[in-house]
Amino acid sequence: MDARVRVSAVVVLMFVGVAVLTCAAEGRRIERQKLDVQRQLNQFNKQALKTIESPDGDLIDCVHISHQPAFDHPFLKNHTIQMRPNFHPEGLYDENKASATATASKEPKPITQMWHLNGRCPENTIPIRRTKGEDVLRASSIKRYGKKKHRSIPQPNSANPDLINESGHQHAIAYVEGDKYYGAKATINVWDPKIEQANEFSLSQLWILGGSFGEDLNSIEAGWQVSPDLYGDNNTRLFTYWTSDAYQATGCYNLLCSGFIQVNSEIAMGASIFPVSGYRGSQYDISILVWKDPKEGNWWMQFGNDYVLGYWPSFLFSYLADSASMIEWGGEVVNSEPEGTHTSTQMGSGHFPEEGFGKASYFRNIQIVDESNNLRSPKGIGTFTEQSNCYDVQNGYNGDWGNYFYYGGPGKNSNCH
C-alpha cells in the first residue's frame with residue numbers, strides 16, 4: 001500500500017475514533033441528565049389517588065394529604081398536620097361584610113382555577129400540579145428548577161442604578177417598615193401581561209420580609225404570575241414562594257420542595273387562574289391573606305374568603321420565626337434587556353397607573369396584621385419603582401377600597417429604553 005494512502009487511512013480512523021468517543025460521551029451525558037431529571041420528578045410528583053386533566057393541558061394529581069412533598073423534610077417526619085389555624089386575624093370577617101356592600105361598578109367577579117372545569121379532588125387529598133420533564137429541562141440547571149434567582153427583592157432605600165441593572169428585576173411597589181408585622185392582606189387585580197422573552201416573568205404579589213437584604217433574608221410571598229420558564233406557557237397562575245437565606249439554598253415556588261404544608265383540597269398552587277381581567281372589560285381580583293398563628297407560630301395562607309390553603313412551619317425561618325420587619329405589595333418583572341434595550345414585558349395590565357380602573361392593575365384593601373392579631377390599615381405607606389417611565393405606582397385611599405394603589409406599565413416605550 002502507498003505510504004500516503006496508509007497515512008490517510010490512519011487519519012480517517014483517528015477521526016472516526018474521536019467521533020465515536022464523542023458520541024459515546026454525549027450519550028453518557030444524556031443518560032445522566034435523564035436520570036437526574038427522573039430523580040427530580042420522583043421527588044416532585046407523588047403517587048396520585050386521582051388525576052384531573054385541565055383544559056390548559058395541566059395534569060392535577062390528587063395526592064393523599066400525608067404524602068405531600070412537605071413531608072420529605074427531615075424535621076417533618078413525625079409532624080402532626082394542623083388542619084386549621086387556631087386563630088384568624090380579628091376584623092377579617094367584618095371586612096368581608098363591608099366589601100359585600102361595595103359599589104356595584106367595582107364589584108369583583110368570582111374567580112376560580114381552570115382545572116375545576118374538569119373535576120375536583122376528594123377529601124383528605126391535596127391537588128398538586130404535575131411537573132413534567134420539559135419543565136425541569138427549561139431551568140438554568142436541574143437543581144435550580146423551581147427557585148428564584150438571588151437578589152430579586154425590591155429594596156426601596158437603596159435604589160442604586162448599578163444594582164438595578166445587575167439584578168435585572170424591576171418593581172413597582174407599596175411598602176411599610178419600621179414595626180413588627182404578623183401578616184398582610186390585599187385584594188389583587190388579575191391580568192395576563194405579555195412576556196417578551198421566555199426567560200422573563202411578570203408577577204404581582206405580597207412579600208412578608210424579615211432580616212437584612214444580605215444573605216440571611218427571610219421571605220414569604222404569594223400572588224399571581226406569568227412565567228413561561230417555570231410553567232411552559234403564558235397562563236396567569238396562583239403561586240407562593242419562600243426562602244430563609246435570600247434565595248440561595250432554601251425555599252422554592254409552590255410545592256416544588258419540602259416546606260409549605262397544604263391542607264386544602266380545592267386550590268392547586270401553580271394552577272391557572274380563570275378568568276382574568278380585560279382592558280375596559282370585566283375586572284377580576286383575588287384576595288390573599290398571610291398571617292402568623294399566635295398560638296403555634298406557623299404562617300398561614302388564605303385565598304379568597306373561603307380557602308385556607310395551609311401553612312409554612314415557623315422552624316423554616318430565623319427572623320420570621322418571630323415577626324416580619326417589612327411588608328411589600330406590588331409588581332415585579334425580569335428585564336433581560338433583549339437586544340440591548342429595555343424589555344417590553346408588561347407589568348400588571350401593561351398600562352400605567354394614571355389610566356385607572358378597568359385599564360390599570362390595582363391592589364386594594366391592603367392591610368397588615370399587628371401584634372394583637374388585628375387586621376388594620378398600614379401606617380406610613382411608601383412607594384418605590386426603579387424606573388417610573390417603564391413601570392409606575394400611585395397610591396390612594398377611599399371608603400370602599402381603603403388603602404389601594406394602581407401600578408404597572410408597558411416596559412419599553414418612547415420614554416423607557
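Predicted, not measured: the structure shown is a model, and the values here were computed from it. Heavy atoms only: backbone and side chains are in, while hydrogens, waters and symmetry mates are out.
Residues that satisfy the side chain to side chain contact (heavy atoms under 4.5 Å, CB included) test with N124, not counting sequence neighbours, are H64. In this structure R84 satisfies the side chain to side chain contact (heavy atoms under 4.5 Å, CB included) test with no other residue, sequence neighbours excluded. Legend: residues meeting salt bridge (Lys or Arg N to Asp or Glu O under 4.0 Å) with K50, ordered by chain and number and at least two apart, are absent. Residues satisfying the salt bridge (Lys or Arg N to Asp or Glu O under 4.0 Å) criterion with K180, sequence neighbours excluded, are D322. Partners of D370 by salt bridge (Lys or Arg N to Asp or Glu O under 4.0 Å), not counting sequence neighbours, listed by chain and number: R376. Scored by the side chain to side chain contact (heavy atoms under 4.5 Å, CB included) test, C121 finds I52, C62, W115, T125, P127 as partners (sequence neighbours excluded). Under the ring pair (Phe, Tyr, Trp, His ring centres under 6.0 Å) criterion, Y182 pairs with no residue at all, not counting sequence neighbours. Annotation: ring pair (Phe, Tyr, Trp, His ring centres under 6.0 Å) contacts of H351 (sequence neighbours excluded): Y279. Residues satisfying the salt bridge (Lys or Arg N to Asp or Glu O under 4.0 Å) criterion with K46, sequence neighbours excluded, are D72.
Taking a 6.0 Å sphere around CD of Q47, one finds it holds 12 or fewer heavy atoms contributed by other residues, nucleotides or ligands. For NZ of K379, the number of neighbouring non-hydrogen atoms (other residues, nucleotides, ligands) closer than 6.0 Å is 12 at most. Counting heavy atoms of neighbouring residues, nucleotides and ligands inside a 6.0 Å radius, atom CD of E134 exceeds 12 of them.
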Quick one: side chains of residues 312-319, donor-acceptor pairs under 3.5 Å with protein atoms, not counting sequence neighbours, listed by atom name and distance.
from: S318; atom 1: OG; to: N218; atom 2: OD1; distance (Å): 3.4
from: S318; atom 1: OG; to: N218; atom 2: ND2; distance (Å): 3.2
from: Y319; atom 1: OH; to: D216; atom 2: OD2; distance (Å): 2.6

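In this structure, the separation between OG1 on T383 and CH2 on W329 is 12.5 Å, given to the nearest 0.5 Å. I220 CD1 to F260 CZ: the interatomic distance, rounded to the nearest 0.5 Å, is 9.5 Å. Separating the NE2 atom in H116 from the CG atom in N118 is a distance of 11.0 Å, to the nearest 0.5 Å. L238 CG to L309 CG: the interatomic distance, rounded to the nearest 0.5 Å, is 7.0 Å. Rounding to the nearest 0.5 Å gives a distance of 10.5 Å between OG1 of T345 and CZ of F201. Expressed to the nearest 0.5 Å, how far CH2 of W242 lies from CG of L320 amounts to 11.0 Å.
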For the pair W291 and H88, evaluate ring-ring contact (aromatic ring centres under 6.0 Å, His included) and give the outcome as yes or no after the intermediate values. CA-CA 8 Å; W291 82 102; H88 275 80; 5.1 Å; yes
Verdict with supporting geometry, D285 and T187, side chain to side chain donor-acceptor pair (under 3.5 Å): CA-CA 6 Å; D285 53 30; T187 298; 5.7 Å; no
Please report the C-alpha distance between D56 and F274 in whole Å, then the side-chain angles of each, then the deciding distance to 0.1 Å, and finally whether the side chain to side chain contact (heavy atoms under 4.5 Å, CB included) criterion is met. CA-CA 11 Å; D56 62 2; F274 172 79; over 6 Å; no
Go through Y311 and I81 one step at a time and tell me if the side chain to side chain contact (heavy atoms under 4.5 Å, CB included) criterion holds. CA-CA 10 Å; Y311 58 96; I81 301 173; 4.2 Å; yes
Side chain to side chain contact (heavy atoms under 4.5 Å, CB included) between L92 and K185, intermediate numbers included: CA-CA 10 Å; L92 179 61; K185 183 174 189 287; 3.6 Å; yes
Could you go through Y241 and K147, starting from their C-alpha distance and side-chain angles, then the distance that decides it, and tell me whether this counts as side chain to side chain contact (heavy atoms under 4.5 Å, CB included)? CA-CA 9 Å; Y241 200 91; K147 295 181 183 298; 3.7 Å; yes
Stepwise, does the side chain to side chain donor-acceptor pair (under 3.5 Å) test hold for Q82 with D293? CA-CA 11 Å; Q82 196 185 336; D293 182 339; 3.1 Å; yes
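For the residue pair N189 and A360, the shortest heavy atom distance occurs at OD1-O, 3.6 Å. Taking all atoms of both residues into account, the shortest heavy-atom contact from Y391 to T385 is O-OG1, 2.7 Å. Taking every heavy atom of both residues into account, P353 and G408 meet most closely at CD-O, 3.7 Å. Of all the heavy atoms in K132 and G57, the pair that sits closest is NZ-O, 3.1 Å. Taking all atoms of both residues into account, the shortest heavy-atom contact from Y231 to N254 is OH-ND2, 3.0 Å. Listed here is the closest heavy atom pair of Y247 and S219: OH-OG, 4.1 Å.
Within the 4.5 Å cutoff, no side-chain heavy atoms of V393 are placed close to those of I173. Put simply, the side chain of I208 reaches to within 4.5 Å of the side chain of L206, judged on heavy atoms. Side-chain contact between P89 and L289 is present, with at least one heavy-atom pair separated by less than 4.5 Å. At least one side-chain heavy atom of I261 sits under 4.5 Å from a side-chain heavy atom of H79. Using a 4.5 Å cut-off on side-chain heavy atoms (C-beta onward), N395 and I366 make no contact. For the pair E200 and V333, the minimum side-chain heavy-atom distance is 4.5 Å or more. Residues E328 and P156 form a side-chain contact, since some pair of their non-hydrogen atoms from C-beta on lies under 4.5 Å apart. Contact annotation: the side chain of Y284 never approaches that of I273 to less than 4.5 Å [non-hydrogen atoms, C-beta and beyond].
Between V334 and the options E196, Q170, Q197, H169, a side-chain contact (heavy atoms from CB on, under 4.5 Å) holds for only H169. Each of Y407, Y404, W401 was evaluated against F363; a single residue qualifies, Y407, per the ring pair (Phe, Tyr, Trp, His ring centres under 6.0 Å) test. Evaluated for a side-chain contact (heavy atoms from CB on, under 4.5 Å) with I128, the options N45, V63, I60 yield exactly one hit, V63.
Between the N365 side chain and the D400 main chain, a donor and an acceptor come within less than 3.5 Å of each other. In terms of modelled atom types and a separation under 3.5 Å, the side chain of N389 and the main chain of C416 share no donor-acceptor contact.
Screening residues 33-43 for salt bridge (charged side-chain N to carboxylate O under 4.0 Å, His left out) gives E31-K34, D36-R39 as the qualifying pairs, with residues at least two apart or on separate chains. Applying the salt bridge (charged side-chain N to carboxylate O under 4.0 Å, His left out) test to pairs two or more places apart or on separate chains, those with a residue in residues 260-282 are R120-E266.
Here the two rings, on F239 and Y253, have centers that are under 6.0 Å apart.
A salt bridge links K148 to E332: at least one charged side-chain nitrogen sits closer than 4.0 Å to a carboxylate oxygen.
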